[in-house]
Novice: 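Here you go, one structure.
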There are 2 protein chains.
Amino acid sequence: MSTPSGGGAKVPLPRAGTVGIKHVAQHAGVSPGTVSNVLNRPERVAPATRARVERAIRELGFVRNGSASTLRAGQSSSIGLMILDLGNPFFTDVARGVEDVASERGYAVILASSGGSHDKERRNLTVLAEQRVRGVLITPVDQEGDQAELLRRRGVAVVLLDHPTPRANQCSVAVDDVAGGELAVGHLLEQGARDVAMVTGPSVLRQCADRRKGALRALRAAGLGRDALREVAVPAMNARAGQEAAQRLLEGDLPDAIFCANDLLALGVLRVLLQAGVKVPGDVALIGYDDIEFTAAAAVPLSSVRQPTYQLGRIATDLLLDECDNPSGHAHQQVMFQPELVVRESSRQLIAQPEG
Amino acid sequence: MSTPSGGGAKVPLPRAGTVGIKHVAQHAGVSPGTVSNVLNRPERVAPATRARVERAIRELGFVRNGSASTLRAGQSSSIGLMILDLGNPFFTDVARGVEDVASERGYAVILASSGGSHDKERRNLTVLAEQRVRGVLITPVDQEGDQAELLRRRGVAVVLLDHPTPRANQCSVAVDDVAGGELAVGHLLEQGARDVAMVTGPSVLRQCADRRKGALRALRAAGLGRDALREVAVPAMNARAGQEAAQRLLEGDLPDAIFCANDLLALGVLRVLLQAGVKVPGDVALIGYDDIEFTAAAAVPLSSVRQPTYQLGRIATDLLLDECDNPSGHAHQQVMFQPELVVRESSRQLIAQPEG
DNA sequence: CGCAGGGGTTGACACGTTTTAATGACTTGG
DNA sequence: CCAAGTCATTAAAACGTGTCAACCCCTGCG
């Protein structure tokens with residue numbers, strides 16, 4: 001009974017993994033169509049038949065061939081998620097939000113990271129397009145190339161993630177980085193800083209450009225010119241790059257305060273400053289961006305700008321799947337969150353200092 | 001010329017994204033077989049023909065249908081990577097190694113995270129199996145269920161990642177966690193600790209169990225019984241869980257030293273201890289595990305146990321792809337790395353203390 | 001001039017699933 | 001007891017690509 005090879009096997013079972021719907025059908029004594037029904041509309045199959053088919057599936061170790069389903073259906077039931085950097089907790093938090101919602105709504109997520117490279121972005125998007133994903137969530141490397149536009153023309157739903165757009169023909173979810181930059185630097189100025197440095201990543205990254213714009217705006221509001229902002233650009237957005245930036249700053253006169261375009265940079269900067277005997281915030285105030293989990297546990301608890309990270313992922317995915325499930329009746333939305341200043345020890349001082 | 005709808009379109013072009021090899025063939029005035037050749041064996045096609053086809057591909061915005069290819073080929077050219085926790089830098093570092101090698105060798109990576117849940121692990125593996133991935137790299141949730149075994153039976157190559165195996169019928173890449181636990185606790189004892197606590201995650205996790213085993217071994221070697229080890233088990237392996245563990249420890253007498261099963265836990269513990277006014281390492285020595293980037297920048301630079309993370313990913317992927325590309329002539333290997341103790345401030349003291 | 005050989009191209013089929021229209025069995029009401 | 005349904009199941013036709021044997025045409029050699 002339990003020997004699958006027993007029943008007059010007209011179709012011999014090749015290596016496992018090649019068991020198809022037909023084999024199951026034969027084993028259960030039904031037609032392939034019925035097996036398909038068991039898999040996709042179980043309620044249309046008589047209970048007895050269904051049980052027989054399900055047993056055959058178990059016994060043969062059948063696994064549905066997703067390629068064939070997708071081919072037949074014309075589209076898969078997965079979405080692509082393209083982020084900038086796997087090593088940045090900001091993005092992995094976003095990814096958690098995406099996965100949770102997708103899973104709730106019966107979609108699988110294909111996660112890919114561009115690492116900030118146009119080339120990798122393009123290659124990964126090609127793979128996603130070939131997989132006929134239902135839609136794509138993307139944090140683009142920059143405004144230009146606009147790979148996303150190509151996808152949208154091909155009928156793939158696209159939602160921009162952590163990237164606002166003025167265009168009304170697509171969804172986007174973002175946090176106001178200009179406001180965030182203004183918050184951060186405004187706070188530093190309030191604390192008495194007059195000579196502010198900004199450590200920033202590649203200027204093609206919108207996040208960097210916008211946060212810088214906000215920083216300049218804060219300076220202007222305080223009656224300072226843009227020369228008041230010393231800029232240190234590094235080629236990446238991780239702690240190592242932050243260390244490099246700090247070393248460069250140590251070569252000259254130190255500023256009053258440093259605004260880092262993200263927390264990873266800030267952690268790197270902090271480390272080098274402390275090693276060099278610079279007191280934070282005594283000698284230099286420091287603030288980062290993203291408020292990742294580790295900032296609170298840093299050598300000096302780091303001030304930062306908080307974003308609704310997990311929510312960002314959730315909402316973007318909701319928008320995307322709404323568009324997928326109901327392409328015609330979908331109204332594109334551009335969602336913009338406001339960031340929140342989180343003040344910790346690293347930037348508390350200056351004017352308050354004289355007392356001690 | 002440039003109007004695709006121009007040439008006596010027998011096959012009308014439906015919505016973009018539905019452009020198939022046939023449309024391209026017609027547009028270029030060749031047969032579908034030739035287009036396929038251009039895509040897969042360009043050298044067999046005459047240069048002039050190839051150019052014509054490539055132009056048609058560009059003009060029509062053709063994108064190969066991966067499902068159809070995979071269906072026809074019987075297997076895809078992607079591999080699955082199943083990790084325990086997206087939020088742990090250890091795993092994202094591993095993932096970087098995997099992606100780099102896979103990309104070098106022409107494979108795509110489908111990244112999935114089980115989050116330590118059997119259920120999610122099983123669901124994700126099912127998706128991977130349905131996608132007919134060439135192979136799977138997996139850090140299993142625990143030894144039991146052995147979902148990986150099922151995959152292997154179905155003819156999918158499987159390499160265990162960060163998980164050793166005694167079985168000779170499969171590849172595995174791991175770091176000796178027992179040795180790591182012994183290193184960590186041995187170090188704490190050398191520093192004069194006598195009352196050691198271990199903060200650990202779910203005991204089903206092999207990493208936790210092995211590191212604990214190593215810890216006990218170190219105690220035994222020092223002539224101490226296993227009661228010398230106070231254990232605090234928390235349900236997750238992140239900073240929040242670490243905070244919870246520290247709060248529990250604060251309710252009773254504090255130990256001399258704390259060994260955390262990973263750095264995220266250690267960062268959480270550190271934070272709560274410092275907030276409670278406990279001096280680290282003055283009152284309590286602390287050591288973590290994994291040596292993630294943030295440990296060095298922590299409030300008190302954290303001692304840890306370093307693993308060759310990126311290499312782990314690279315080597316595992318090499319093994320997997322060797323097996324995929326040459327299934328018959330492949331010799332299974334069980335690779336085991338040795339961890340390395342990294343001593344920083346958080347565990348330096350005790351016996352040296354009396355001097356100051 | 002005829003023929004062998006080979007490079008270039010073609011056409012048809014197979015991959016495994018889903019779907020649709022049609023078939024068969026079985027129930028119900030007249 | 002038959003007609004008209006209802007419900008469960010089936011057979012066959014797609015989806016888009018890759019492969020393979022067959023075919024055509026041109027060149028070079030006898």
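Order of the sequence lines sets the chain letters (A, B, ...), proteins ahead of strands, with each chain counted from 1. On a predicted model such as this, the values are computed, not experimentally measured, just so you know.
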Novice: For B/Leu71 and for B/Arg41, locate the closest nucleotide of DNA chain D by heavy-atom distance; then report the residue assigned to the nucleotide nearer the 5' terminus.
Specialist: B/Leu71
Novice: What nucleotide among C/dT10, D/dT17, C/dT18 has an atom nearest to a side-chain atom of B/Asn65?
Specialist: D/dT17
Novice: Just N and O in the side chain of B/Thr49: are any of them under 4.0 Å from OP1 or OP2 of C/dT9?
Specialist: yes
Novice: Classify the nucleic acid contact of A/Ser69 as base, sugar-phosphate or nothing, counting any heavy atom under 4.0 Å across all strands shown.
Specialist: sugar-phosphate
Novice: Look at B/Arg72 and C/dC13 and indicate whether a side-chain polar atom (N or O) is within less than 4.0 Å of OP1 or OP2.
Specialist: no
Novice: If the cut-off is 4.0 Å, is B/Asn40 near the phosphate of D/dG18, judged by side-chain N/O to OP1 or OP2?
Specialist: yes
Novice: What nucleic acid atoms does A/Gly74 come within less than 4.0 Å of, heavy atoms only: base, sugar-phosphate, or nothing?
Specialist: nothing
Novice: Side-chain N or O of B/Thr34 versus OP1/OP2 of C/dT10: is the shortest distance under 4.0 Å?
Specialist: yes
Novice: Can you tell me if the side-chain N/O atoms of B/Arg64 get under 4.0 Å from OP1 or OP2 in D/dG18?
Specialist: yes
Novice: Have a look at A/Val53 and tell me which of A/Ile21, A/Val45, A/Val35 forms a side-chain contact (heavy atoms from CB on, under 4.5 Å) with it.
Specialist: A/Val35
Novice: In terms of side-chain heavy atoms of B/Phe62, which of D/dG18, D/dT17, D/dT10 is nearest?
Specialist: D/dT17
Novice: When you compare the side chain of B/Arg206 with that of B/Pro140, does any pair of heavy atoms fall below 4.5 Å?
Specialist: no
Novice: What I want to check is whether the side chains of A/Arg134 and A/Gln75 have a donor and an acceptor closer together than 3.5 Å.
Specialist: yes
Novice: What's B/Val35 touching, base or sugar-phosphate or nothing? Going by heavy atoms closer than 4.0 Å.
Specialist: nothing
Novice: Per the side-chain contact (heavy atoms from CB on, under 4.5 Å) rule, which among A/Val109, A/Leu86, A/Ile110 passes with B/Leu111?
Specialist: A/Leu86
